[in-house]
Asks: 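Got a structure for you, questions after.
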Amino acid sequence: MARLVMKFGGTSVADIDRIRNVARKVKREVDQGHEVAVVVSAMAGETNRLVDYCRTISPLHDAREYDAVVASGEQVTVGLLAIALQEIGVPARSWLGWQVPIHTNDVHGSARIERIETKEIEKRFRDGMVAVVAGFQGVGPGGRVTTLGRGGSDTSAVALAAALKADRCDIYTDVDGVYTADPRIVTGARKLDRITYEEMLELASLGAKVLQTRSVEMAMNHGVRVQVLSSFADTPGTLVVDEDEIVEQQVVSGVTYARDEAKITLESVADRPGVAAMVFGSLADANINVDMIVQNVSHDDKATDITFTIGKADMERALKVLEGRQEAIGYRRLGADGNVAKVSVVGVGMRSHAGVARTMFRALAEKNINIQVISTSEIKVSVLIAADYTELAVRALHSAFNLDVQ
Ligand code: ADP
Ligand code: ASP
Ligand code: MG
């Protein structure tokens, strides 16, 4: 007998037929004698609809009320799935975040899970009951409903698996595993049987939304065995594993992209100590996260340009902050471009192989794609390019690193 957490995303519970399909999948595990907790998302499109309601009434809405609204999508699906399970003879009950409870901090809209009390759920496991738990939500220190950020049901599932010491956390979705690139963009993308936690973490944080970044972080820290697989097919999925469990290692395991960043350039900034600290200090004071940074070497030791990227949502605010400090920083011109994309190649094999950047830049040059900013880490290389070339770049890199299905 094993203890399993099964998570189903929005498309997997998009209508009544699909909820029945989920119930049958859960029943199959229960019939094998396993203890099962199921985590579900809201029906596909529902969370977007709820977010829009809040924004329409007030662009600067109260984040606590936003959470009260957007968490409601999952309340519907937990109840419906519990009914569907009961209907086919599987004892089940639904749990909202506050009922479990799933304790979080009070950062409404992107709260972090701090502790999950599993006593009640485990008590019902012993009576043969399935727990159907609402993803994406928890309860803050003041007793208010919180949500974990978009895509947060993955994190609910992994956190619950860690708290329940589950044998595995199966993430059921609308693709049958983690691919070498988003299969909706690259038709030749290959499904990976295994991927390391580290690579998955990079892919997720660089844009592959198949798993929420925090869920991978949590799986890595707690040693949760995660499998990504399809709700609609019965094929094995992708296992997220430690590096020593990978048999055949590619240099590059995946290519990914993100269109949610904007580029800011400060032209002709004084080339002296303290200027960068002032620029990035001002942004940090305004709680604006900076991602990629380049500063050119100055030709005359007097002035240089600084370019960096931030989240697109922060662009207007960042411009205001920097305009307000023009005199103190001493730049000549401030420019911004929201029409950019970050394309990245990821692979733990890069640690021991040279030439990844060369292959990457050459492949982009062959397609005449100009690189605006570059950043690297031990296991990834990212470039910023014009957004119009995103798909072309992803496909070209996928081929250049021999990732296409043979
Ligand atoms: P769910 O609603 O089940 O949580 P998501 O839409 O959040 O599903 O995530 C699944 C989607 O992630 C897929 O439909 C796919 O388009 C996208 N995706 C992006 N990159 C990858 C990748 N490398 N492998 C698999 N899917 C990916
Ligand atoms: N329903 C939430 C969202 O759309 C959480 C999730 O699907 O993981 O972001
Ligand atoms: Mg998701």
Side-chain angles (χ1 to χ4, degrees), residues 6-14 18 22 38-52 66-67 69-78 97 109-111 113 133-138 146-160 169-195 199-216 226-233 237-238 240 252-259 343-347 390-391 394-395 397-398 403:
M6 305 170 77
K7 180 259 171 179
F8 294 88
T11 30
S12 309
V13 294
R18 289 186 180 179
V22 168
V38 191
V39 172
V40 287
S41 296
M43 289 178 172
E46 187 61 16
T47 310
N48 286 347
R49 198 170 65 93
L50 297 167
V51 169
D52 278 350
Y66 164 93
D67 277 351
V69 175
V70 302
S72 67
E74 274 72 9
Q75 178 159 350
V76 173
T77 46
V78 278
S110 61
I113 295 176
V133 180
F136 185 51
Q137 55 173 267
T146 54
T147 64
L148 311 178
R150 298 307 304 272
S153 299
D154 297 329
T155 303
S156 308
V158 173
L160 188 61
C169 181
D170 286 335
I171 308 278
Y172 288 86
T173 183
D174 55 4
V175 283
D176 58 358
V178 178
Y179 279 70
T180 47
D182 186 342
R184 294 187 203 289
I185 287 206
V186 181
T187 43
R190 261 190 307 117
K191 189 177 92 185
L192 298 162
D193 294 332
R194 286 160 185 249
I195 186 164
E199 288 168 323
M200 194 60 241
L201 189 62
E202 287 282 10
L203 284 177
S205 70
L206 294 168
K209 69 166 184 164
V210 60
L211 287 177
Q212 197 199 32
T213 308
R214 275 186 195 167
S215 72
V216 188
V226 172
Q227 180 181 201
V228 177
L229 68 174
S230 167
S231 294
F232 309 111
T238 302
V240 188
V252 165
S253 303
V255 183
T256 189
Y257 66 95
R259 295 189 228 247
V343 176
S344 311
V345 298
V346 172
T390 313
E391 299 187 3
V394 171
R395 291 189 191 118
L397 294 173
H398 198 264
L403 295 172

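Remember, it's 1-based here, ligands and their atoms both numbered in the order they're listed.
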Asks: For ligand 2 and K7, I'd like to know whether there is a polar contact (N/O to N/O, distance under 3.5 Å).
Replies: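 For ligand 2, there is no N or O atom that lies under 3.5 Å from one belonging to K7.
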Asks: Can you tell me if M200 contacts ligand 1 (heavy atom of the residue under 4.0 Å from the ligand)?
Replies: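 Per 4.0 Å heavy-atom rule, M200 does not contact ligand 1.
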Asks: Give yes or no for whether the N/O distance cutoff of 3.5 Å, strictly under, is met between G151 and ligand 2.
Replies: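 Yes, at least one N or O pair falls under 3.5 Å.
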Asks: How far is atom 4 (O) of ligand 2 from its nearest protein heavy atom, and which residue and atom is that?
Replies: R150 NH2, 2.9 Å
Asks: I'd like to know if the side chain of T180 reaches the main chain of R190, judged simply by a donor and an acceptor atom lying under 3.5 Å from each other, with no hydrogens or angles considered.
Replies: yes
Asks: At less than 4.0 angstrom from any non-hydrogen atom of A208, what atoms of ligand 1 do you find?
Replies: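 Under 4.0 Å from A208, ligand 1 has these atoms: 20 (N).
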Asks: Among protein heavy atoms, which sits nearest to atom 8 (O) of ligand 1, and what does the distance come to when rounded to 0.1 Å?
Replies: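 That would be T173 OG1, 3.1 Å.
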Asks: How long is the gap from OG1 on T155 to CG on L160, to the nearest 0.5 Å?
Replies: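 Between T155 OG1 and L160 CG, I get 12.0 Å after rounding to 0.5 Å.
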Asks: Is the closest N or O pair between K209 and ligand 1 shorter than 3.5 Å?
Replies: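 The answer is yes, given that K209 and ligand 1 share an N or O pair closer than 3.5 Å.
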Asks: Please step through salt bridge (charged side-chain N to carboxylate O under 4.0 Å, His left out) for the pair K209 and D154, ending with a clear verdict.
Replies: CA-CA 10 Å; K209 69 166 184 164; D154 297 329; over 6 Å; no
Asks: Using heavy atoms and a 4.0 Å limit, tell me yes or no: is G151 in contact with ligand 1?
Replies: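 G151: no contact with ligand 1 (<4.0 Å).
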Asks: Counting from 1, what ligand 1 atoms have a heavy atom of Y179 closer than 4.0 Å?
Replies: 22 (C), 23 (N), 24 (N), 25 (C)
Asks: Who's the nearest protein heavy-atom neighbour of atom 13 (C) of ligand 1, and how far?
Replies: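 In this structure, atom 13 (C) of ligand 1 has D174 OD1, 3.5 Å as its nearest protein heavy atom.
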Asks: Considering only heavy atoms, does V175 approach ligand 1 within less than 4.0 Å through its side chain, its backbone, both, or neither?
Replies: side chain
Asks: Short list, please: which atoms of ligand 1 are under 4.0 Å from a heavy atom of G10?
Replies: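 Reading through ligand 1 atom by atom, the close ones are 2 (O).
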Asks: Out of curiosity, is P183 lining ligand 1, as in a heavy atom under 4.0 Å away?
Replies: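 True for this residue.
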Asks: Does at least one non-hydrogen atom of G73 fall below 4.0 angstrom from an atom of ligand 2?
Replies: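 No, that is not the case, since the closest heavy atom of the residue is not under 4.0 Å from the ligand.
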Asks: Check whether any heavy atom of G9 sits under 4.0 Å from an atom of ligand 2.
Replies: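 Outside the 4.0 Å threshold, so no.
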Asks: Do E74 and S153 have side chains that approach each other closer than 4.5 Å (heavy atoms only, starting at C-beta)?
Replies: yes
Asks: Can you report which non-hydrogen protein atom sits closest to atom 21 (C) of ligand 1, along with the distance?
Replies: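 For atom 21 (C) of ligand 1, the nearest protein heavy atom comes out as D182 CA, 3.7 Å.
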Asks: So, regarding T180 and ligand 1 (criterion: nitrogen or oxygen to nitrogen or oxygen, under 3.5 Å), is there a contact or not?
Replies: no
Asks: Looking at ligand 1, would G177 count as a contact under a 4.0 Å heavy-atom criterion?
Replies: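 Checking ligand 1 against G177, which is what was asked, there is a heavy-atom contact under 4.0 Å.
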Asks: What's the separation between atom OG1 in T238 and atom CG in D193, rounded to the nearest 0.5 Å?
Replies: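 So the gap between those two atoms works out to 7.0 Å.
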Asks: Please determine if E74 has a nitrogen or oxygen closer than 3.5 Å to a nitrogen or oxygen of ligand 2.
Replies: yes
Asks: Are R184 and D174 close enough for a salt bridge, meaning some N to O gap below 4.0 Å?
Replies: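 The answer is yes: the pair qualifies as a salt bridge.
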Asks: I'd like to know if Q212 contacts ligand 2, where contact means a heavy-atom distance under 4.0 Å to any ligand atom.
Replies: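 Q212 does not count as a contact of ligand 2 under the 4.0 Å cut-off.
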Asks: Which ligand 1 atoms are under 4.0 Å away from a heavy-atom of K7?
Replies: 4 (O)
Asks: Nearest 0.5 angstrom please: D67 CG to L50 CG, how far?
Replies: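 Here the rounded value is 11.5 Å.
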Asks: Only heavy atoms of V178, strictly under 4.0 Å: list the atoms of ligand 1 that pass.
Replies: 24 (N)
Asks: Under a 3.5 Å distance rule, please check whether Q137 uses its side chain to pair with a backbone N or O of A71 as donor and acceptor.
Replies: yes
Asks: Which heavy atom of the protein is the closest neighbour of atom 7 (O) of ligand 2, given with residue, atom name and distance?
Replies: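 Here the closest protein heavy atom is S41 OG, 3.2 Å.
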